[in-house]
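Below, all heavy atoms of this structure are taken into account, side chains as well, without hydrogens, waters or symmetry copies. Lettering of chains follows the sequences in order, A, B, ..., and the numbering in each one begins at 1.
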There are 2 protein chains.
Amino acid sequence: MTEPIVADATTASTALGATDAIAPDDRSAGALTAADRAYAATKESIIRGDLASGALLSEAVIAGELGISRTPVHEAFLRLAAEGLLTLESRRGAVVRPLSPSEADDVLEMREAVEAACAARIIASDRVDEVLPTLRSLLEEQRAAVAADDLDRFIAADDGLHAAVVAGARNPVASQFATLLHDRQQRMRNLLIRVKAGQMAAAFDEHAALVAAIEARDAGEYAAVLRRHVDRNRGVL
Amino acid sequence: MTEPIVADATTASTALGATDAIAPDDRSAGALTAADRAYAATKESIIRGDLASGALLSEAVIAGELGISRTPVHEAFLRLAAEGLLTLESRRGAVVRPLSPSEADDVLEMREAVEAACAARIIASDRVDEVLPTLRSLLEEQRAAVAADDLDRFIAADDGLHAAVVAGARNPVASQFATLLHDRQQRMRNLLIRVKAGQMAAAFDEHAALVAAIEARDAGEYAAVLRRHVDRNRGVL
DNA sequence: ACTCTACCCCTTGCATGCAAGCTTGCGCGC
DNA sequence: GCGCGCAAGCTTGCATGCAAGGGGTAGAGT
């Protein structure tokens, strides 16, 4: 029934560098493979903006920093390229994909499409009551964040709320897409402009309207509100 | 239940093989890397249904059949797993992901969402006149296919038509998603049931309605027709 | 006959070595 | 001074070798 609403497990790794000397066998720390660590670390660096757009990075360097060989790093780069975060140039290196304004539009548009479809399915399959408690709780969390003027907390709740809608649809394909899009959006958020605190109140109102639409079982209304919501974000970026 | 199709690895070898003896340097033949070839060959085998759901395949076998080493095959498997065609079981092997009816629903639903969003963007960005000629031409091609009772031709035009809508939106993210979904849908088509020829007429009418909706710049109508269209497909699967 | 255990084989995950290609910078000729 | 060519250094792409981890099976014990 209740799935873990976890916002994202992707940003749970340590940053790059800082690999203190040589760690010959850190597999004891967890079941993560070396490739996973390389993937998570590099992705984190890209999303957080530590790696500038257009930066040319090589497998050997990352491998050295993580104390692993080039092979798992190579695999990580392939994954990141598939996700649109890197561009692999054969025998030259991997460049951190510069993001264009149009790309921001593209990502937001897809996010809107996926989430609207998820909301529609929740409503159509009569699972509104399942997700509503989570949504309300996150909405309350957001209200508190607004009151406390805590932007990070607000963003966390924001991510959680949108993620909860997608998770509630129980569509693994949608979840995968949403995760992909979320990562890229987060990168844009970090890289371009941090959402101004003044936007919080408006965003909160829209979120409340979204939850209300779900509560009213009105998929069309949800889509319409979501459209406005995304459009406003578009303007900010 | 969809498991009686069981095929063993022997059928896989025939599908993948054809590595003419030893080709020490076939890079002269094309720019495709070994990893790409492994990816394409395996994906083809999965989509075409030559590899049965649940089949356990190993990197070494594929590598041997293609005359390459395990490394590029490993990368290919990673990509296929990311696309939802394989499931990697650590130190056991890669199983061809069995597809469940719910997965079919999931894929179709996302396809609907992506394509509707693309149509909406085409209309909103006033590019209807750009795509309309292509759509009309493909529609005509479909009409001919119906008349000739040529199912394969019909399907090709069907794919082309939906792809044209996505391409017309000029959203790379949407295009990527659509490609992913298309592959999976094609696999389902090949594996579960071949669409009956009698469905062609109805599908054609719906396609005509889709194009008409775009022509009328009515995104809502497009979404509605698309919904019916997908729903019918859902029933077929 | 049945069960439990231990072993062997097969599997992946990763490290390393080697070859090929692109870029770049330096030296040489003009 | 300026342009061109060559070579060196970087990069990836792939092959191979090694170790660790499951699974199945055969054998021993009851």
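Each of A:Glu75 and B:Arg92 was matched to the nucleotide of DNA chain C holding its nearest heavy atom; the match closer to the 5' end belongs to B:Arg92. In this structure, B:Gly93 and A:Pro72 both approach DNA chain C, and ranking their closest nucleotides by distance from the 5' end singles out B:Gly93. Positionally, the nearest nucleotide of DNA chain D for A:Phe77 lies more toward the 5' end than for the other of A:Thr71 and A:Phe77.
Applying the 3.5 Å distance criterion, the base of D:dG13 shares a donor-acceptor pair with the side chain of A:Arg70.
Counting non-hydrogen atoms under 4.0 angstrom, B:Glu89 reaches nothing in the nucleic acid.
For the pair A:Leu88 CG and C:dG21 P, the computed distance is 18 Å after rounding to whole Å. Per the geometry, CG belonging to B:Asp36 stands 17 Å off P belonging to D:dT12, to the nearest Å. Rounded to whole Å, the distance from CG on B:Leu57 to P on C:dT12 is 9 Å. One can place CZ of B:Arg91 at 15 Å from C1' of C:dC9, the figure rounded to the nearest angstrom. Atom CD1 in A:Ile68 sits roughly 11 Å away from atom C1' in C:dA15 (whole-Å rounding). Rounded to a whole Å, the CG atom of A:Leu56 is 12 Å from the C1' atom of C:dC22. As a whole-Å value, the separation of A:Leu32 CG from C:dT12 P is 20 Å. Distance NE2 (B:His74) to P (D:dA15): 14 Å, rounded to an integer number of Å.
If you check the side chains of A:His229 and A:His207, you find a donor sitting under 3.5 Å from an acceptor. Inspection of the B:Tyr39 and B:Glu44 side chains reveals no N or O donor paired with an N or O acceptor under 3.5 Å. Checking A:Glu75 against B:His74 by side-chain atom types alone, a donor-acceptor pair falls below 3.5 Å. Of the N and O atoms on the side chains of A:Arg187 and A:Ser53, at least one donor lies less than 3.5 Å from an acceptor on the other residue.
Across every non-hydrogen atom of A:Glu103 and A:Pro98, the tightest pair is OE1-O, 3.9 Å.
For C:dT11, one of the phosphate oxygens OP1 or OP2 lies less than 4.0 angstrom from a side-chain nitrogen or oxygen of B:Ser58. Of the side-chain N and O atoms in A:Ser90, none sit less than 4.0 angstrom from OP1 or OP2 of C:dC22.
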